[in-house]
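Let me begin by presenting the structure, written as structure tokens, before commenting on it.
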Amino acid sequence: MAAPETHRLTRQIVIAMLAGIALGVALNRFGAGPWLQTFLVDGLLHVIGSVFVSALKMMVVPLVFVSLVVGVTALSDLKALGRIGAKALGLYLATTAIAVTIALSLASLVGPGHGFDAGETAASFSGKDAPPLSQVLIDMVPTNPVAAMAEGNMLQIIVFALLFGVAVTMSGARGKHVLNLFNDLDAVIMHMVEWIMRLAPYGVFALITRTFASQGLDILLPLAAYFLTLTAALAIQLFGTYPLLLRLLGSLNPLTFLKKMRDPAAFAFSTASSGATIPVTLHTVEKKMGVQKSVASFSVPLGATINMDGTAMMQGVATVFIANVYGIDLTLTDYLLVVLTATLASIGTAAIPAVGLVTLTMVLSQVGLPVEGIALIIGVDRLLDMMRTVTNVTGDCAVSCIVAKSENAFDQAVFDDPDAGSVEDATRHALPSQPAS
Ligand code: ASP
């Protein structure tokens, strides 16, 4: 049976989320008053939440670089690297295409947006251009790896780390020295990640309270059909598609997987950023789910960057919603175009809050819908962003498990152990032993 101690942190994070929602909604409904607003919402909670997100982001670049170098050197040959890359990429594209197809089908069934009064929302949106795919490919090779790290350009960091890792393997005894250093660095950085995870209840509480205090739930009402259709689509992907794929392609127990997803899901929900969640995703996939570093160190940062199933679903439902509001009929070709564009659009965009709206511009213009339509859904986007980021991150973890299983780079005993990778345990074991008195 699970020791209660090892699940304490997850329980605390869940309680922090629920308490944050309750307090945030109450503050919004009854009004925070100038004092509470200044000192609590815009003061204390703002500082705690921002410091928490910054601390997470602080770990992303060193963690991805170091663990990817270590991961690549653990591979037996270069062919394995190519295979893992091809499988991960293929599954990421496939899950996104499935996701947007589910979203489009559900949205055409429900028909959100019929009879919607566009005058109800006053927000405006001016589109930004997403980069074309060719530019994304060119930009993958950094001209300066230090600049890539300074800017947190994930694809460039991945490319440099892969090449560096291969060179370490091929450099004989000298490479071994470098590898030893990177192995030690990896352990130290993971230790820092675990510190941040222990602070999660406070960070999550601050972020969520503040979001709900400023959002309230009233804005959902006029857009309830859009909101609920997308929520249902995301739930189908989370509790239908991924479990099915895990069972069929990986012979893995979906329930165990979903239970282990609680920590990264809470981080994704409160930060609305797959990028900021990378440290927790990587920790979970490696230490709790049993995916070996050779796969996880590559599939997780790659997934956080290019795999955005929830975002693609939002684009599918939003396209149908906007078409309905403007009374424009979508043809079958339009639907196929949406699937294609939404799938490809997720590759070239950063894993940060609200970026899905930018790529939605691309999808809408592909099918000839007015980009200004985005203004209609902007009001509820923050909440949906939190939910779709959970889906995005869950997709990354599911694909990582499936690829690792197929590559024999998977530790089933870790996956089956409900207490594996517990931060409480890790920190306790890491404490220096007391000198004998
Ligand atoms: N916030 C999402 C993510 O980081 C992207 C988006 O849908 O806007 O995964």
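As the structure lists them, so they are numbered: ligands from 1, and atoms in each ligand from 1. As the structure is a computational prediction, the values presented were derived from the model and not from experiment.
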In ligand 1, which numbered atoms sit nearer than 4.0 Å to a non-hydrogen atom of [X]?
X      : result
Thr311 : 5 (C), 6 (C), 7 (O)
Ser274 : 3 (C), 4 (O), 9 (O)
Asp385 : 1 (N), 2 (C), 6 (C), 7 (O), 8 (O)
Gly356 : 6 (C), 7 (O), 8 (O)
Val355 : 5 (C), 6 (C), 8 (O)
Ala272 : 1 (N), 4 (O)

### Task
Identify whether the distance between the nearest side-chain nitrogen and carboxylate oxygen of Arg388 and Asp309 falls below 4.0 Å.
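A salt bridge is absent here (no side-chain N lies under 4.0 Å from a carboxylate O).
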### Message
Check this for me, if you would: do Asp417 and Lys260 make a salt bridge, where the nitrogen-to-carboxylate-oxygen distance has to be below 4.0 angstrom?
### Response
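No, Asp417 and Lys260 are not salt-bridged.
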### Task
Measure the spacing between OG1 of Thr10 and CE of Met197 and express it to the nearest 0.5 Å.
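Rounded to the nearest 0.5 Å, the OG1-CE separation comes out at 7.5 Å.
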#### Entry: Inter-residue atom distance Asn324.CG - Leu369.CG, 0.5 Å rounding
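Result: 10.0 Å between the selected atoms.
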### Message
Taking a cutoff of less than 4.0 Å between a non-hydrogen atom of the residue and any ligand atom, is Ser273 in contact with ligand 1?
### Response
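Contact check Ser273 vs ligand 1: positive.
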### Message
Under a 3.5 Å distance rule, please check whether Asp334 uses its side chain to pair with a backbone N or O of Thr331 as donor and acceptor.
### Response
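Answer holds: yes.
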### ring-ring contact (aromatic ring centres under 6.0 Å, His included), paired with Phe52, selected from Phe267, Phe205, Trp195
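That would be Phe267.
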### Residue part near ligand 1, for Asn392, under 4.0 Å between non-hydrogen atoms
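It is the side chain that touches ligand 1; the backbone stays farther off.
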